[in-house]
Amino acid sequence: MMFDWDYMFSLFSLSDFWWASWTVIKLSLASWGLSIIIGFILALGKQSRFAVLSIPSNIYIWFFRSLPLLVLLIFVYNMPQMLPSTSAFLSEPFWAGLIAMVLCESAYVAEIHRGGLLSIPKGQGEAARALGIRFVGTQWLVVIPQALRVALPALANEYISIVKLTSLVSVISLTEILMVGQRLYSQNFLVLETMAAVAVFYVFIVTVFDFLLKRLEDYLDVTKSNVSRQPSEEFIEAVRSAPAPQLKPTSEFDGPALKASKLHKAYNNVEVLGSVDLSIQTGEVVSVIGPSGSGKTTLIRLLNGLEQLDNGEVDLNGQPFLKLQRNGSSPPRFIEHSEHRNKIGMVFQSFNLFPHLTVLDNLLLAPRYHHMGSKKDLEMQAYQLLNKVGMLEHAWKYPHQLSGGQQQRVAISRALMMRPQIMLFDEPTSALDPEKVNEVLQVIEDLAREGITMVIVTHEMNFAFKVSDRVVFMEQGRVVCDDAPQLLRGGHNPRVEAFLKDVSLA
Ligand code: ADP
Ligand code: MG
């Protein structure tokens, strides 16, 4: 028997097939979209530190990944036998098919999302937190956009599996492409011709959507972006001539801007910080120096609550910010007055700019989230701060288009956008090439001269001794010395002396 080509080609003008293709597209897109949303919730649940969320998510993923889709389809479709009230909905094969597909696919998609979530560096969440953005905002504005971009190739692949899986829905008599084919060949027995046409329909749908998803992937991939927009002369002039932003803290309080008392921190029962006291006056610049592992980073992270303290308290402008509350015999509770969080700005060693946003949007994200002003005003403030750190002409670039020194200057202006009362720097120049160090130190020095209150952890001794009002020397989790730079250099403390000799202070 010959292959009947004419018959096969005639099938492409059969409206039943095109209607069935439309059904497949609707069913697959709806299943994919819903699975992406539910899968994301499951992925977050599985990662959660709360057992009430992680255990059910784990069980769901385990169960629905183990169950064959065919079994699930028949089960859902026949559910009305057990629960007659569901019959209005589930006796419709499209809806029964959609529910079964979503139940099954969301378990797979959850694992894809989890891969995406795990790929987002911890520093991203910390940077958002340091800008006062809460959990949901951080997920929505910072983590999800990046995680989705990472997961997109795998999600696109999953879409293609879903298109093919829709053929199984014919078992519950949904008129999809395979079903139309089966009906035809059971009448004329031209099985191969009919199935060849069925195959072409599937290949066609997959090819079209594969192409569209690739376009979407390219569109969302900011690393392929090559923005070269330049500000005009008039624009630069307008930014420069606008009144300078008020960065100096304006608090009426005349006590210390930051007061930390008896800070303790241990990791796995090993004490890394033991009873540290630190008091910073408004307008004061304090550098924290000391050997590696002496607890400088831990101290600075305790000060802004990125790490929970084991004991002690931190006050800002005389108001409690962080403390450990002890109540009788119950375990002590960590209390954070998050309304004060925006008073502290943080600059990280690894910059932690948001890679999916332009420089300008990096600056605007938190002020917009906190509704700190109109879009126009905030934009002007952002341009002014970028101008201040010499980054105005890069406002529309993405972080990957900048050098480390430029990224750090952007990170500093991003923190300043929140008008913090105090700025914390954790080794802001340690991740930079030597020739980029000075451009960042210069920016910090300018801020110091403007009277901005700062705590700077640094290994740049000449810089520390030049700009600081006080230098704190730490060793083994304790403050060994806390003095004016000239006193610290006076050689009164042999340990400090030896450390400074090692780092050859000019
Ligand atoms: P520094 O910034 O002065 O180099 P750190 O504050 O980073 O020092 O670290 C102080 C000590 O705490 C080190 O011994 C380090 O290994 C330990 N440490 C820091 N963070 C953690 C952590 N998350 N888990 C366990 N140990 C930690
Ligand atoms: Mg450190």
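Just follow the structure's listing: the first ligand is 1, and inside any ligand the first atom is 1. Basis for what follows: all heavy atoms, side chains included, without hydrogens, waters or symmetry-related copies. The structure presented is a predicted model; accordingly, all values stated were derived computationally and were not measured.
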For atom 23 (N) of ligand 1, the protein heavy atom that lies nearest, with its residue and separation: Y267 CE2, 3.5 Å

Whether over 12 other heavy atoms sit under 6.0 Å from K259 NZ: no

Side-chain donor or acceptor of H394 paired with backbone N/O of L386 under 3.5 Å: no

For atom 7 (O) of ligand 1, closest protein heavy-atom neighbour: T297 CB, 3.5 Å

Options P291, G293, A266, G290, ranked by nearest heavy atom to atom 1 (P) of ligand 1, top entry: G293

Audit row: Q442, D446, side-chain hydrogen bond (donor to acceptor under 3.5 Å, both in side chains) steps and yes/no: CA-CA 6 Å; Q442 189 59 50; D446 290 346; 3.2 Å; yes

Any non-hydrogen protein atom less than 4.0 Å away from atom 16 (O) of ligand 1: no

Side chain, backbone, both or neither: V272 near ligand 1, heavy atoms under 4.0 Å: side chain

Between S106 and Y60: side-chain donor-acceptor atoms closer than 3.5 Å: yes

Per-atom contacts of ligand 1 with S292, taking only distances under 4.0 Å to non-hydrogen atoms: 4 (O)

Any donor-acceptor pair under 3.5 Å from Y383 side chain to L360 backbone: no

Heteroatom distance test (N268, ligand 1): nitrogen or oxygen, under 3.5 angstrom: no

For atom 8 (O) of ligand 1, closest protein heavy-atom neighbour: G295 N, 3.2 Å

Ligand-residue contact atoms, ligand 1 with T298, heavy atoms, under 4.0 Å: 5 (P), 6 (O), 9 (O), 10 (C)

N/O/S atom of T297 inside 2.8 Å of the Mg ion (ligand 2), strictly under: yes

Side-chain donor or acceptor of E111 paired with backbone N/O of Y108 under 3.5 Å: no

Heavy-atom neighbours of E393 CD exceed 12 at 6.0 Å: yes

